[in-house]
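Just so you know, these numbers come straight off a predicted model, no measurement behind them.
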Amino acid sequence: MKEVEIAAEADREPLLSAVDRISEMLFGLLMALSFVGAVSVTEAGREEIRVMFVAALGCNLAWGLVDAVMYLVRTVANRGRWLTLVRSVRAAPDEQAGRAVLARSLSRDVAGLFSAVEVEAIRVRILAQPALPARPTLGWGDLRAAAAVFGFVVVATFPVVLPFALMQDVASAKNVSRAIALAMLFLGGLGLGRYAGYGSWKLGFLMAGLGTLLVGAIKALGG
């Protein structure tokens, strides 16, 4: 029984793909970094730091909510597109027309990976599918994934703003905050590069470089 439970756990799809997890973290991180960069070293007092902390958290809460809702919208749209495709294949007047519908749905890169025989095999499997739902729906797994999207955006705020809560010197806190942000950007790029097969170190340094440019732009604008 325990072996069955372990196998089921292994077969369960993750709530979010690696790209979704890393992208949401980086998005929240860059949002928080923009608020930190706006803190003036010469003028900021404890009250200004508190306002910055609240503003950064509030903004990431708002955008985390927006991202979570848009994740659900994308999920429903993708399932609706799949249902439409399946119905179009089933409604095709003949086999050739059904294969043409499938071929048009594939991207240019993916289409070259399938032969006519393989496309026909997919068409036959679609015809053998049981009754389709009337419309795309969402389940508890989708809601948990949306909550994860929200969490990744919000949690990315804290490492960047935490130095301001722990350190009295604003200039030092700002430097530590930037160092943490660049390290997180590097790790995020590392993960994306590993996932995409592009070269994890290259993309890690690329993301860190992007963060450096962003920090420089914010500083040039008076941050």
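- For the pair Val154/Trp63, no side-chain contact is recorded, criterion being any heavy-atom separation below 4.5 Å from C-beta on.
- Hydrophobic clustering (side-chain heavy atoms under 4.5 Å, transitive across Ile, Leu, Val, Met, Phe, Trp, Tyr) keeps Leu127 apart from Leu85.
- Transitive grouping of hydrophobic side chains (ILVMFWY, heavy atoms separated by less than 4.5 Å) keeps Ile126 and Val124 in distinct clusters.
- Considering Arg99, Gln96, Arg125 as possible partners of Glu120, the one that fulfils the side chain to side chain donor-acceptor pair (under 3.5 Å) test is Arg99.
- Distance check: Leu185 CG to Ile180 CD1 gives 12.0 Å after rounding to the nearest 0.5 Å.
- The cluster map of Ile, Leu, Val, Met, Phe, Trp and Tyr, joined by side-chain heavy atoms under 4.5 Å apart, puts Val155 and Leu187 in different clusters.
- Under a hydrophobic-cluster definition in which Ile, Leu, Val, Met, Phe, Trp and Tyr are linked whenever side-chain heavy atoms come within less than 4.5 Å, directly or via other members, Trp140 and Val76 are assigned to the same cluster.
- The minimum heavy-atom distance between Arg87 and Pro133, with the atom names listed, is NH2-O, 2.7 Å.
- In this structure, Arg123 contributes its side chain and Val89 its backbone to no donor-acceptor pair below 3.5 Å.
- In plain terms, the two heavy atoms of Ser105 and Arg81 that are nearest each other are O-NH2, 3.5 Å.
- Within the 4.5 Å cutoff, side-chain heavy atoms of Arg79 are placed close to those of Thr75.
- Between Ala68 and Ala146 the shortest heavy-atom distance is CB-O, 3.3 Å.
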Decide yes or no on side chain to side chain contact (heavy atoms under 4.5 Å, CB included) for Val66 and Met70, but give the supporting numbers first.
CA-CA 6 Å; Val66 169; Met70 290 308 300; 4.3 Å; yes
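- Taking hydrophobic clusters as Ile, Leu, Val, Met, Phe, Trp and Tyr residues chained together by side-chain heavy-atom distances below 4.5 Å, Leu138 shares a cluster with Tyr71.
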After noting the C-alpha distance and the side-chain angles of Leu72 and Leu143, does the key distance pass the side chain to side chain contact (heavy atoms under 4.5 Å, CB included) rule?
CA-CA 8 Å; Leu72 295 176; Leu143 297 179; 4.1 Å; yes
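- No donor-acceptor pair under 3.5 Å is formed between the side chain of Ser177 and the backbone N or O of Pro163.
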Set out, in order, the CA-CA distance, both residues' side-chain angles and the distance that settles side chain to side chain contact (heavy atoms under 4.5 Å, CB included) for Phe150 and Leu61, then state yes or no.
CA-CA 8 Å; Phe150 177 81; Leu61 283 170; 3.5 Å; yes
